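A quick write-up on the structure given underneath.
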Amino acid sequence: MALNIVLIEPEIPNNTGNIGRLALASGSTLHLVKPFGFEIDDKRLKRAGLDYWQHLDVIYYENINDFFKKNTKAKMVFLSSHGTQSHWDIQFEDNLFLVFGKESVGLPKSLLEEHKSKLFKIPLYSDSIRSLNLANAVSIIVYEGLRQLKT
């Protein structure tokens, strides 16, 4: 049982470090798509990932085209506050790719348009908030996936 966490152009090293730690804890593979908003050896990334980074299954891509070219046959879902389907409706399966956008703007508009049928969101129950922190959102999705796959 494995999931794939994909971060398209992550900007905040602490989030990426925490997500790396989550990937390791959940048995997931982390896919990081450049450009990053930080250097991969950033102390904040390492601090958030603690000393776990060396044990992490992480794959780096030069850009979004490189990612899609290398994963043409992968089954993917896309997470965005612009999604119309709830994350409760994701049909999790082994090796599913969970694709998240960058912290400031989310997924590129082209991906939102191209993958409308596979676009999901985490419901928010307050009009006073636009979105969740990326690391929190990834945690919610990954552990819902693990719950579904274990039952």
Side-chain angles (χ1 to χ4, degrees), residues 2-71 74-90 92 96-147:
L3 293 171
N4 294 278
I5 301 167
V6 181
L7 303 182
I8 305 287
E9 302 178 4
E11 299 170 310
I12 301 174
N14 305 56
N15 279 340
T16 302
N18 283 318
I19 294 166
R21 192 173 179 176
L22 169 73
L24 184 60
S26 65
S28 300
T29 299
L30 180 61
H31 301 258
L32 297 177
V33 181
K34 296 177 185 176
F36 306 143
F38 53 87
E39 296 299 323
I40 204 64
D41 61 354
D42 189 295
K43 290 177 188 170
R44 293 169 293 179
L45 173 78
K46 300 297 182 183
R47 187 176 305 123
L50 296 174
D51 54 351
Y52 306 119
W53 202 260
Q54 66 192 11
H55 304 291
L56 181 62
D57 184 9
V58 62
I59 301 170
Y60 300 95
Y61 301 90
E62 289 304 311
N63 54 50
I64 199 166
N65 292 330
D66 182 36
F67 168 75
F68 282 106
K69 183 178 177 183
K70 290 178 178 170
N71 296 289
K75 291 193 176 182
M76 298 184 191
V77 295
F78 299 81
L79 288 299
S80 169
S81 60
H82 300 288
T84 56
Q85 302 174 82
S86 170
H87 78 292
W88 303 118
D89 298 325
I90 296 172
F92 287 91
L96 183 64
F97 281 62
L98 309 168
V99 183
F100 297 85
K102 64 172 106 178
E103 290 91 340
S104 63
V105 296
L107 292 168
K109 286 185 169 74
S110 60
L111 285 183
L112 296 177
E113 288 297 318
E114 187 177 340
H115 300 284
K116 281 183 183 177
S117 66
K118 298 183 272 181
L119 189 61
F120 297 87
K121 69 177 179 179
I122 299 168
L124 301 176
Y125 300 101
S126 171
D127 293 335
S128 301
I129 186 169
R130 289 184 308 278
S131 63
L132 295 172
N133 169 275
L134 180 61
N136 291 337
V138 173
S139 297
I140 289 167
I141 300 302
V142 167
Y143 274 91
E144 173 59 17
L146 293 178
R147 185 193 69 77

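Predicted model, so just to flag it, every value in this text is computed and none were measured.
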### Task
Begin from the C-alpha positions of Ile59 and Leu30 and carry the test side-chain contact (heavy atoms from CB on, under 4.5 Å) through to its verdict.
CA-CA 6 Å; Ile59 301 170; Leu30 180 61; over 6 Å; no

### Step-by-step side-chain contact (heavy atoms from CB on, under 4.5 Å) determination, Ser26 to Leu3
CA-CA 8 Å; Ser26 65; Leu3 293 171; over 6 Å; no

### Task
For side-chain contact (heavy atoms from CB on, under 4.5 Å), just list the numbers for Ser28 and Val142, CA-CA rounded to whole Å, side-chain angles, deciding distance to a tenth of an Å, and then say yes or no.
CA-CA 8 Å; Ser28 300; Val142 167; 4.1 Å; yes

#### Entry: Step-by-step side-chain contact (heavy atoms from CB on, under 4.5 Å) determination, Leu98 to Val77
CA-CA 5 Å; Leu98 309 168; Val77 295; 3.5 Å; yes

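With hydrogens and angles disregarded, no donor-acceptor distance shorter than 3.5 Å links the side chain of Asn136 to the backbone of Leu132. When atom types are taken as modelled, the side chain of Gln85 and the backbone of Ser117 share a donor-acceptor pair closer than 3.5 angstrom. Distance alone, capped at 3.5 Å, places no donor-acceptor pair between the Asn71 side chain and the Ala74 backbone. Side chain of Glu11 to main chain of Phe36: no donor-acceptor pair is present (N/O by atom type, distance under 3.5 Å, no hydrogens or angles).
Each of Lys70, Lys69, Lys34 was evaluated against Glu62; a single residue qualifies, Lys34, per the salt bridge (Lys or Arg N to Asp or Glu O under 4.0 Å) test.
In terms of heavy atoms, Ser86 sits closest to Phe120 at O-CD2, 3.2 Å. The two residues Arg130 and Leu124 make their nearest non-hydrogen contact at O-CD1, 3.5 Å. Ser80 approaches Leu107 most closely through the heavy-atom pair CB-CD1, 4.3 Å. When all heavy atoms of Leu32 and Pro10 are compared, the closest pair comes out as CD2-CG, 4.3 Å. In terms of heavy-atom proximity, Leu24 sits nearest to His55 at CD1-O, 3.6 Å. When every heavy atom of Gly83 is checked against every heavy atom of Leu119, the shortest pair comes out as CA-CG, 3.6 Å.
The shortest side-chain heavy-atom distance between Ile90 and Leu96 falls under the 4.5 Å cut-off. The shortest side-chain heavy-atom distance between Leu79 and Val99 does not fall under the 4.5 Å cut-off. Using a 4.5 Å cut-off on side-chain heavy atoms (C-beta onward), Phe100 and Ile8 make no contact. Between Leu111 and Ile64, some side-chain heavy-atom pair lies under the 4.5 Å cut-off.
Rounded to the nearest 0.5 Å, atoms CD1 (Ile141) and NE2 (His87) are 5.0 Å apart. Summarising the geometry, atom CG belonging to Asp57 is positioned 10.5 Å from atom CD1 belonging to Ile5; distances are rounded to the nearest 0.5 Å. The distance from the OG1 atom of Thr29 to the CG atom of Leu56 is 8.0 Å, given to the nearest 0.5 Å. Separation of atoms CG (Asn133) and OG (Ser139) is listed at 8.5 Å; rounding is to 0.5 Å. Between Asn15 atom CG and Ile19 atom CD1 the span is 5.5 Å, to the nearest 0.5 Å. Between Glu114 atom CD and Lys109 atom NZ the span is 15.5 Å, to the nearest 0.5 Å.
Checked against a 6.0 Å centroid threshold, the rings of Phe78 and His115 count as neighbours.
Relative orientation of the His31 and Phe97 rings is tilted, given thresholds of 30° and 60° on the angle between their planes.
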